[in-house]
Amino acid sequence: MAFKEQDIRDPDILQNYCALVAKDSEKILASNDKMERVDQRKWGLGKSIFEFEKGGFIYERCTTTDTLFVNPRPTFDALMDLYSSSESSKYWVNDFFLPKINERREKIFKPRAEFVRNKFSNKLYEMRICDVGAGFGLFIEELKKINNFELNIEAIEPSEDMAKICRGKGIVVKEAMLEDLAGGTTKYDLLTTFELFEHLHDPLLFLNSCYDILNPGGYIYLTTLNSHGFDIQVLWEKSESIFPPHHLNFFNPISIDKIMRLAGFTDIEISTPGELDIDIVKNVYDNGNVKLPMFLSSLFNYSSDDVLNNFQLFIQNNNLSSHMRVIAQKP
């Protein structure tokens with residue numbers, strides 16, 4: 001495996017962060033006007049059934065696609081408050097993300113930038129690009145760094161603090177929600193958005209907005225969690241990726257294709273380049289937090305690193321990782 005889970009997140013810091021999120025969740029759940037039901041059928045999903053409850057939030061599962069989602073869920077405004085002003089969000093920035101920023105830059109953002117350069121190499125120099133939910137601007141920095149020509153790239157970042165950080169790096173920022181920019185005159189040729197889709201109150205509204213601000217022939221490149229992925233399937237409700245009220249939507253290659261097409265996108269490419277599935281499950285197993293089927297417990301107890309690495313490659317190459325990458329085009 002190229003890297004380990006502990007390279008990008010400290011387990012003790014993660015537990016502290018989870019405790020703070022639990023406190024913020026209590027405030028949301030205690031107020032009836034901060035929760036509402038959604039109709040998953042408008043996302044291309046079918047009938048849903050109760051799957052489990054976690055942290056006070058109910059997860060339902062689409063019986064036709066196995067898409068997992070929170071319902072009822074925090075309102076759009078409640079989510080914005082959570083991300084902009086909650087104690088847990090501040091802790092995530094200062095204590096969880098920043099101490100590992102160099103590792104995340106090297107292990108996550110640099111490979112993303114290299115992928116974009118290789119995928120769009122013949123077009124990149126003439127594209128108008130926007131990173132949606134740019135955060136600290138790491139992806140933009142890395143993409144600029146590896147190209148020998150000036151990029152026309154901007155950021156959309158609703159957080160006042162994050163937008164200020166991006167501007168300090170010389171990045172042009174629209175400090176707004178993407179959904180609020182739809183219908184405007186500014187159009188792009190490539191939108192990138194990483195680990196945002198699982199957080200969205202309304203994923204179809206977001207995709208419709210992406211479609212609106214793309215030029216004809218433009219592309220969207222997003223990453224998100226995959227409900228059919230190995231570590232999520234094995235751990236299910238015990239998975240740390242299933243993390244309300246932050247992670248609300250767990251689409252998969254079947255359902256992400258459906259919702260992308262509903263938004264009007266075509267030429268949809270779906271892959272799972274994740275590298276951490278085996279390591280994530282092994283860590284939970286080694287800590288005694290889950291009982292696994294005998295095959296998996298034997299795998300972790302007796303297999304060499306080479307065997308585990310090969311198993312992870314099999315997961316990657318067969319669209320079975322919990323980290324999903326989607327590229328689609330506006331006709």
Side-chain angles (χ1 to χ4, degrees), residues 1-15 18 66 68 96-97 99-119 121 138-139 142-143 145-146 194-195 198 221-243 247 250-254 256 269-327:
M1 282 167 273
F3 66 100
K4 302 284 188 180
E5 184 183 13
Q6 66 183 14
D7 293 338
I8 60 170
R9 45 184 175 249
D10 182 295
D12 293 330
I13 297 296
L14 178 60
Q15 289 305 312
C18 290
D66 286 334
L68 189 69
F96 185 81
F97 193 96
K100 293 284 188 179
I101 193 169
N102 291 330
E103 291 85 353
R104 286 175 169 267
R105 179 190 294 277
E106 186 66 24
K107 304 293 187 182
I108 298 175
F109 290 94
K110 184 176 179 180
R112 285 174 182 165
E114 290 172 344
F115 175 82
V116 168
R117 179 192 60 186
N118 295 334
K119 177 71 178 177
S121 58
L138 298 182
F139 169 73
E142 292 303 310
L143 191 61
K145 197 181 298 181
I146 62 174
F194 305 112
E195 274 73 72
E198 58 267 30
Y221 163 30
L222 68 84
T223 61
T224 189
L225 295 165
N226 172 19
S227 67
H228 285 174
F230 180 81
D231 67 81
I232 290 177
Q233 284 279 300
V234 170
L235 300 175
W236 210 224
E237 71 269 22
K238 294 184 178 179
S239 168
E240 291 180 344
S241 292
I242 297 178
F243 183 49
H247 293 172
F250 292 80
F251 282 72
N252 54 53
I254 295 169
I256 199 81
E269 302 174 21
I270 302 168
S271 58
T272 65
E275 301 179 54
L276 294 177
D277 301 73
I278 292 294
D279 193 51
I280 288 171
V281 176
K282 187 176 186 302
N283 288 339
V284 175
Y285 174 69
D286 288 346
N287 290 332
N289 295 330
V290 67
K291 181 176 174 60
L292 296 177
M294 189 174 292
F295 171 79
L296 290 179
S297 60
S298 297
L299 178 76
F300 294 136
N301 287 335
Y302 306 117
S303 297
S304 67
D305 286 344
D306 284 343
V307 170
L308 296 180
N309 290 339
N310 287 333
F311 200 165
Q312 181 64 49
L313 287 173
F314 171 83
I315 289 168
Q316 278 183 0
N317 294 333
N318 290 278
N319 273 6
L320 297 173
S321 171
S322 293
H323 175 64
M324 183 164 58
R325 178 171 65 201
V326 183
I327 301 169

Taking only residues two or more places apart in sequence, or in another chain, which ones meet R112 in a salt bridge (Lys or Arg N to Asp or Glu O under 4.0 Å)?
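For R112, the residues satisfying salt bridge (Lys or Arg N to Asp or Glu O under 4.0 Å) (neighbours in sequence not counted) are E195.
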
Might you work through the salt bridge (charged side-chain N to carboxylate O under 4.0 Å, His left out) test for E269 and K119, ending with a clear yes or no?
CA-CA 12 Å; E269 302 174 21; K119 177 71 178 177; 2.8 Å; yes

Just jot down the ring-ring contact (aromatic ring centres under 6.0 Å, His included) partners of F115, sequence neighbours excluded, or say none.
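F115 satisfies ring-ring contact (aromatic ring centres under 6.0 Å, His included) with Y221 once adjacent residues are dropped.
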
Please name all residues satisfying ring-ring contact (aromatic ring centres under 6.0 Å, His included) with F250, sequence neighbours left out, ordered by chain then number.
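F250 satisfies ring-ring contact (aromatic ring centres under 6.0 Å, His included) with no residue once adjacent residues are dropped.
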
Would you please name every residue forming a side chain to side chain contact (heavy atoms under 4.5 Å, CB included) with S121, sequence neighbours left out?
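Once residues adjacent in sequence are excluded, S121 has no partner under the side chain to side chain contact (heavy atoms under 4.5 Å, CB included) criterion.
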
Partner residues of P11 under the side chain to side chain contact (heavy atoms under 4.5 Å, CB included) criterion, sequence neighbours left out:
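If we apply the side chain to side chain contact (heavy atoms under 4.5 Å, CB included) test to P11, skipping adjacent residues, there are no hits.
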
Parallel, tilted or perpendicular, judged at 30° and 60°: which one describes the rings of F295 and F311?
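Perpendicular, since the angle between the ring planes exceeds 60°.
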
Quick one: closest heavy-atom pair of [X] and [Y], and the distance?
X: D277; Y: S322; answer: OD2-N, 2.8 Å
X: P273; Y: Q316; answer: O-NE2, 3.6 Å
X: E103; Y: P99; answer: OE1-O, 3.9 Å
X: I280; Y: R9; answer: CD1-NH2, 3.7 Å

R105 and side-chain contact (heavy atoms from CB on, under 4.5 Å): which partner among E142, K100, K110?
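When side-chain contact (heavy atoms from CB on, under 4.5 Å) is applied between R105 and each of E142, K100, K110, only E142 qualifies.
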
Partners passing side-chain hydrogen bond (donor to acceptor under 3.5 Å, both in side chains) against K291 (at least two apart in sequence or in another chain)
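Residues passing side-chain hydrogen bond (donor to acceptor under 3.5 Å, both in side chains) with K291: none at all.
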
Check the pair E114 / R117 against salt bridge (charged side-chain N to carboxylate O under 4.0 Å, His left out), numbers first and verdict last.
CA-CA 5 Å; E114 290 172 344; R117 179 192 60 186; 5.1 Å; no

Nearest 0.5 Å please: distance from the NE2 atom of H323 over to the OG1 atom of T223.
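So the gap between those two atoms works out to 5.0 Å.
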
Going by atom types only, do T224 and E198 share a side-chain donor-acceptor pair under 3.5 Å?
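Yes, side-chain donor-acceptor contact under 3.5 Å.
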
For the residue pair D66 / S227, report whether a side-chain donor-acceptor contact shorter than 3.5 Å exists.
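Judged by distance alone, the side chains do not pair up.
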
A side-chain contact here means heavy atoms from C-beta on lying under 4.5 Å apart; do I108 and L138 qualify?
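Not touching, per the 4.5 Å side-chain cut-off.
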
Flag the pair T272 / F230 as yes when at least one side-chain heavy-atom distance between them is below 4.5 Å, and no otherwise.
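T272 does not reach F230 side chain to side chain.
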
